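Beneath this line is the structure, given in structure tokens, with notes to follow.
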Amino acid sequence: MSERRGTDAFSFQLMLILCASWGLQQVAIKLAAPDIAPIMQASTRSGIAALLVALLMCWKGGWEGLRQGTVPAGLLAGALFSLEFLLIAVGLEYTTAGHIAVFLYTSPIFSALGLHLLLPGERLRRLQWLGIGLCFVGIAVAFGGGISLAEMDSRMLLGDALGLLAGMAWGATTVVIRASKLSEAPASLTLFYQLAAAFVLLLLLAVANGQVRRVELTPLAVGSVLFQGVVVSFISYLAWFWLLRRYLASNLAVFSFMTPLFGVTLGVVILDEPLSWNFVGGAVLVLLGITLVSGEAWFRRWLQP
């Protein structure tokens, strides 16, 4: 493996495309929700992507990880991944796609805290602790800083809370992957565990609560599911792993936080979602905090004389 290099114009352009597609995902779910229930969207897109990943692994290999004791951690990661998308699906019924996009991307904060406790090599530095502090202040502001309780929208607060819990679930998934045998397994196998578990668990839940009947195969519904399953869950993740093999992860992490900005912007443009000043201010603090946590190594090198 050649030495990973710093980001260049090509990697920035590719990250721009990836972040736009990731930011559009929540908008696509909400846009198609009248035709296909969000939980059914999450299950179906996971099933499509799991099939594509399985076919890719049959062609290029990657199944050997099954014989290396990765199944228990894979099942746990899959359950947490399923919980993440369940929380997103339910949260989108109460709040905006832009809010979900911002709160979901608090995940690096929770993964950093978990890894700090579990792995000696993942101890947080002072700049990262500052980032975590900024992030939690931003969350408090975004949840309604400066607004009286009487003026708060309880439904939106519930949706925002579910988005934050989805970020926690994503962070916990990262901790499981990094602190288990999955850290040495092929990335495709780890992705397959998550997608396959989400397909099965979310489908069972959709059947149990009757959402499986809320499906109309309109062009919008089919387009949304195919976009999520093929473009986001398969092509974009493979492109992300390709970038990680060739470029410094810390540099890419800083660029990845364009995703919430795309999510908020596309929610306003496509869904005509409103924006409050407290949410904008809180989101800025959250994104700044996340950038400090995930890009600490990059900032440290940049600041060194």
Side-chain angles (χ1 to χ4, degrees), residues 1-2 4-5 7 10-11 13-26 28-29 36 40-86 88 104 107 169-170 173-174 176-178 180-204 221-249 252-253 255-256 259:
M1 176 65 67
S2 59
R4 290 175 175 83
R5 56 185 184 272
T7 49
F10 172 77
S11 62
Q13 291 166 3
L14 183 53
M15 282 299 302
L16 200 65
I17 295 171
L18 294 180
C19 291
S21 67
W22 297 336
L24 183 58
Q25 180 175 223
Q26 280 68 240
I29 294 172
I36 177 170
M40 276 301 298
Q41 290 189 57
S43 173
T44 307
R45 54 89 80 172
S46 297
I48 292 171
L51 176 60
L52 292 174
V53 171
L55 291 173
L56 179 66
M57 292 169 67
C58 289
W59 175 42
K60 300 191 68 173
W63 294 108
E64 65 274 6
L66 289 171
R67 299 189 298 271
Q68 297 170 356
T70 61
V71 173
L75 293 177
L76 178 56
L80 289 169
F81 184 79
S82 305
L83 176 61
E84 174 195 339
F85 276 90
L86 171 62
I88 291 172
L104 177 62
S107 61
W170 186 3
T173 304
T174 302
V176 169
I177 293 171
R178 293 286 300 277
S180 70
K181 292 183 178 180
L182 288 176
S183 62
E184 302 298 327
S188 55
L189 178 62
T190 301
L191 181 58
F192 176 78
Y193 279 132
Q194 296 176 78
L195 292 169
F199 169 64
V200 174
L201 295 176
L202 294 177
L203 181 60
L204 291 174
V222 173
S224 174
V225 170
L226 288 177
F227 167 73
Q228 296 174 61
V230 178
V231 177
V232 176
S233 300
F234 181 65
I235 295 176
S236 77
Y237 288 172
L238 291 179
W240 170 248
F241 292 137
W242 182 86
L243 284 169
L244 286 175
R245 288 196 298 268
R246 287 161 177 79
Y247 295 92
L248 294 171
L252 295 175
F255 288 145
S256 71
T259 302

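All values reported here derive from a predicted model rather than from experimental measurement. Heads up: numbering here begins at 1 and tracks the sequence.
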Next on the checklist: Could you tell me if the side chain of Leu204 sits less than 4.5 Å from the side chain of Val200, heavy atoms only?
Outcome noted: yes
Checklist entry - Out of curiosity, Thr259 OG1 to Leu16 CG, how far, rounded to the nearest 0.5 Å? => result 10.0 Å
Item to check | Beyond-backbone contact of Thr174 with Ser107, side-chain heavy atoms, under 4.5 angstrom | outcome: no
Item to check | Smallest separation among heavy atoms of Ser224 and Ala28, with atom names | outcome: OG-O, 3.1 Å
Checklist entry - Is Ile88 close to Gln25 at the side-chain level, that is, under 4.5 Å between some pair of heavy atoms? => result no
Item to check | Spacing of CG belonging to Leu76 relative to CD1 belonging to Ile177, to within rounding of 0.5 Å | outcome: 9.5 Å
Checklist outcome for this item: CZ of Phe234 to CG of Leu51, rounded to nearest 0.5 Å, is 9.5 Å
Item to check | Any Arg45 side-chain heavy atom under 4.5 Å of Val232 side chain | outcome: yes
Item to check | Distance (rounded to the nearest 0.5 Å) between Leu52 CG and Leu195 CG | outcome: 9.5 Å
Next on the checklist: Treating Gln41 as the side-chain partner and Ile36 as the backbone partner, does any N or O pair qualify as donor plus acceptor under 3.5 Å?
Outcome noted: yes
Checklist entry - Taking it one step at a time, do Val231 and Leu24 satisfy side chain to side chain contact (heavy atoms under 4.5 Å, CB included)? => result CA-CA 11 Å; Val231 177; Leu24 183 58; over 6 Å; no
Checklist outcome for this item: Residues passing the ring-ring contact (aromatic ring centres under 6.0 Å, His included) test with Phe81, sequence neighbours excluded, are Phe85
Checklist outcome for this item: Taken in chain and number order and not counting sequence neighbours, the residues that satisfy side chain to side chain contact (heavy atoms under 4.5 Å, CB included) with Ile17 are none
Checklist outcome for this item: Exactly one candidate in Leu75, Thr190, Leu80 meets side-chain contact (heavy atoms from CB on, under 4.5 Å) with Val176; the answer is Leu80
Item to check | Spacing of Leu18 atom CG and Trp240 atom CH2 [to the nearest 0.5 Å] | outcome: 8.0 Å
Checklist outcome for this item: The reported gap from CG in Leu243 to OG in Ser236 (rounded to nearest 0.5 angstrom) is 10.5 Å
Checklist entry - Do you know the tightest heavy-atom contact between Gly69 and Lys181? => result O-CD, 3.6 Å
Checklist outcome for this item: What one should report as the nearest heavy-atom pair of Ser188 and Val53 is O-CG1, 3.5 Å
Next on the checklist: Give me the atom names and distance for the closest heavy-atom approach of Ala198 to Ser46.
Outcome noted: CB-OG, 3.5 Å
Checklist entry - What's the verdict on side chain to side chain contact (heavy atoms under 4.5 Å, CB included) for Leu189 and Tyr193, showing C-alpha distance, side-chain angles and the deciding distance? => result CA-CA 6 Å; Leu189 178 62; Tyr193 279 132; 3.6 Å; yes
Item to check | Taking every non-hydrogen atom, the tightest pair across Leu201 and Ala79 | outcome: CD1-CA, 4.1 Å
Item to check | Closest contact, heavy atoms only, Ser180 versus Ser183 | outcome: O-OG, 2.9 Å
Checklist entry - What's the verdict on side chain to side chain contact (heavy atoms under 4.5 Å, CB included) for Leu182 and Gln194, showing C-alpha distance, side-chain angles and the deciding distance? => result CA-CA 12 Å; Leu182 288 176; Gln194 296 176 78; over 6 Å; no
